[in-house]
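Some notes on the structure that comes next.
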Amino acid sequence: MRRGILLATATALVACKSSSTQGSGPGTGSGSAVPPTADAVPPTAPGGLPGFAQLASVATVPAAIARMSATDPATLAWYLFLYLNWPALPGQRGAPDPAGKLGTTPTVWQTWKEVHEVYLGGGARPLPWDDGGPVGPPLLSQGEIDGTTLSDVNGNPITYTVAMNQGAFEYLVSRQLYGWGGQAALRQAGAAPVAFPTTAMEVKASWKILDPVADQDRLDHYLVAQARLVPDGGGPATTVAVGLTGLHVTSKALPSWVWITFEQIENPTTTGVPLRLPVDAATAAVNARFQQALAGTPFAYYQANGVQTEATVGGQPTLLANTQIETRFQTSSSCLTCHALASVSTGARARLDFFTMQAGNLVGPTGAPPTAPFGPGPDQFTALDFVWSMREARR
Ligand code: HEC
């Protein structure tokens, strides 16, 4: 099932775990081992789509997410993807409309709080979950975490949004982690560790500007949004039509979270970036089944690249990447390992680094997360429970 690939560093790596060895690897320990039980959700019938109730019975129940991440990770990925892309009830955040029709927007995750609504200037307290008026168009940001920008073949930048569900948001607010002050307080002796509730979920989305002429043959191949884009040199935001090219999803159903990524299948053509990690056979089969069942909707043009629940399997680092989000370091992209480095310090450096330079290339951290320099000392770090966007908190 697993295919090893070789890096320049001669480290054998395992791409996109999809196996039944959940919890047995050295990366997470037995604490995250969730034995399959008789009430695990049955697989969908070939050609059929799970209905809303079936999607919700997994996506809203952390224990079900945890179980299915062990028994059928690829189907879990699609259940979460379809639940999160279910049409939202108007006027509320994060609430699906059970009677809605797939393909209608905004979707559930599009009504979540975006990071610019959470990490405010001066570390101010964000407005309550459902407050702040109607959900506005997403505010796109440019640039990948390695500082580079990916352009599509039309010459337009790929852009990003990051958003969180109510469980994650309420926890951040309760611990005042939306501002620098609350995070610095984590460094005081006796402060409780950051521990999001099992219901917490976050997404990171990548978007392509849709060109009505150059993209005319594929306009209906995307989840489409009207979004705000601040021009490169600054100035007022303009409104652009964008198509979803990638969606990272993470759920706190496991102690080290469940890491999932989807992408639009034409990305290699529209951005010239190939997917460098193989999609394992089990995931590819599930992708084909869902794509067929979703014919006639934009979601037929998406695939799960894989699911990561452990940093290593059989002693080998696991990898997972998205061509639009980890473009240039796909072969050293371990969601879980890099996110384990999300941290804060009140010493000389506020955050741990997550890239190293090897032979002129930026390389991401892979394998079992380090235990140092986490600790109480002045130049040591406190873990932020895998949530990297907390680095956006301001003073
Ligand atoms: C080398 C480090 C690194 C890797 C690898 C990585 N991420 Fe992230 N991720 C980040 C950083 C930094 C952010 C903060 C948001 C930003 O600046 O874009 C982030 C943000 C996110 C978010 C928004 C929630 C949060 O933590 O703030 C999600 C969800 C996410 N990543 C999922 C994934 C998934 C899924 C993968 C693997 C396919 C992955 N990431 C790989 C560094 C990484």
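As the structure lists them, so they are numbered: ligands from 1, and atoms in each ligand from 1. Start at 1 with the first residue, then count along the sequence.
- Near Phe354, the atoms of ligand 1 lying under 4.0 angstrom from a non-hydrogen atom of the residue are 1 (C), 2 (C), 12 (C).
- Within the 4.0 Å heavy-atom criterion, neither part of Met390 lies near ligand 1.
- Residue contacts with ligand 1: Asn322 is excluded, as none of its non-hydrogen atoms falls under 4.0 Å.
- Residue contact check: Leu320 has heavy atoms under 4.0 Å from atoms 37 (C), 38 (C) of ligand 1.
- Counted by atom type alone, Trp207 and Thr161 present one or more donor-acceptor pairs between their side chains at under 3.5 Å.
- Side chain to side chain, Arg228 and Thr239 fail the donor-acceptor criterion of an N or O pair below 3.5 Å.
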Start with the C-alpha distance between His339 and Trp259, add both sets of side-chain angles, then the distance that settles ring pair (Phe, Tyr, Trp, His ring centres under 6.0 Å), and finish with yes or no. CA-CA 10 Å; His339 278 264; Trp259 303 91; 4.5 Å; yes
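- If you check the side chains of His221 and Gln264, you find no donor sitting under 3.5 Å from an acceptor.
- Contacts between Phe386 and ligand 1 below 4.0 angstrom, taking non-hydrogen atoms only, involve the backbone exclusively.
- Considering CG of Leu186 and CZ of Phe381, their distance stands at 13.5 Å, rounded to 0.5 Å.
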The test is side chain to side chain contact (heavy atoms under 4.5 Å, CB included); show your working for Trp257 and Phe196 and say whether it passes. CA-CA 10 Å; Trp257 303 66; Phe196 281 84; 3.9 Å; yes
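- Judged purely by distance below 3.5 Å, without hydrogens or angles, the side chains of Trp109 and Asn85 pair a donor atom with an acceptor atom.
- Legend: protein N/O/S atoms lying under 2.8 Å from atom 8 (Fe) of ligand 1, waters omitted, number 1.
- Results of the side-chain contact (heavy atoms from CB on, under 4.5 Å) test with Leu140 over Val242, Ile158, Ile209 single out Val242 as the only residue that passes.
- At least one donor-acceptor pair closer than 3.5 Å links the side chain of Gln183 to the backbone N or O of Met390.
- Neither the backbone nor the side chain of Ala342 has any atom closer than 4.0 Å to an atom of ligand 1 (non-hydrogen atoms only).
- For Trp259, no nitrogen or oxygen atom sits less than 3.5 Å from a nitrogen or oxygen atom of ligand 1, counting backbone and side chain alike.
- The protein non-hydrogen atom at the shortest distance from atom 41 (C) of ligand 1 is Glu326 OE2, 3.4 Å.
- In this comparison of Glu202, Gln308, Arg391, Gln330, the heavy atom closest to atom 29 (C) of ligand 1 sits on Glu202.
- In Val203, the part holding a heavy atom less than 4.0 Å from any atom of ligand 1 is the backbone.
- Residues Gly347 and Asp379 share a closest heavy-atom pair of CA-OD1, 3.5 Å.
- Looking only at protein heavy atoms, the nearest one to atom 23 (C) of ligand 1 is Val162 CG1, 3.4 Å.
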Could you tabulate the donor-acceptor pairs under 3.5 Å formed by side-chain atoms of residues 113-123, not counting sequence neighbours?
residue	atom	partner	partner atom	Å
Lys113	NZ	Leu127	O	3.3
Lys113	NZ	Pro128	O	2.9
Lys113	NZ	Trp129	O	3.4
Glu114	OE1	His116	NE2	2.9
Glu114	OE1	Leu139	N	3.2
Glu117	OE1	Glu114	N	2.7
Glu117	OE2	Arg93	NH2	2.7
Tyr119	OH	Ser389	OG	3.4

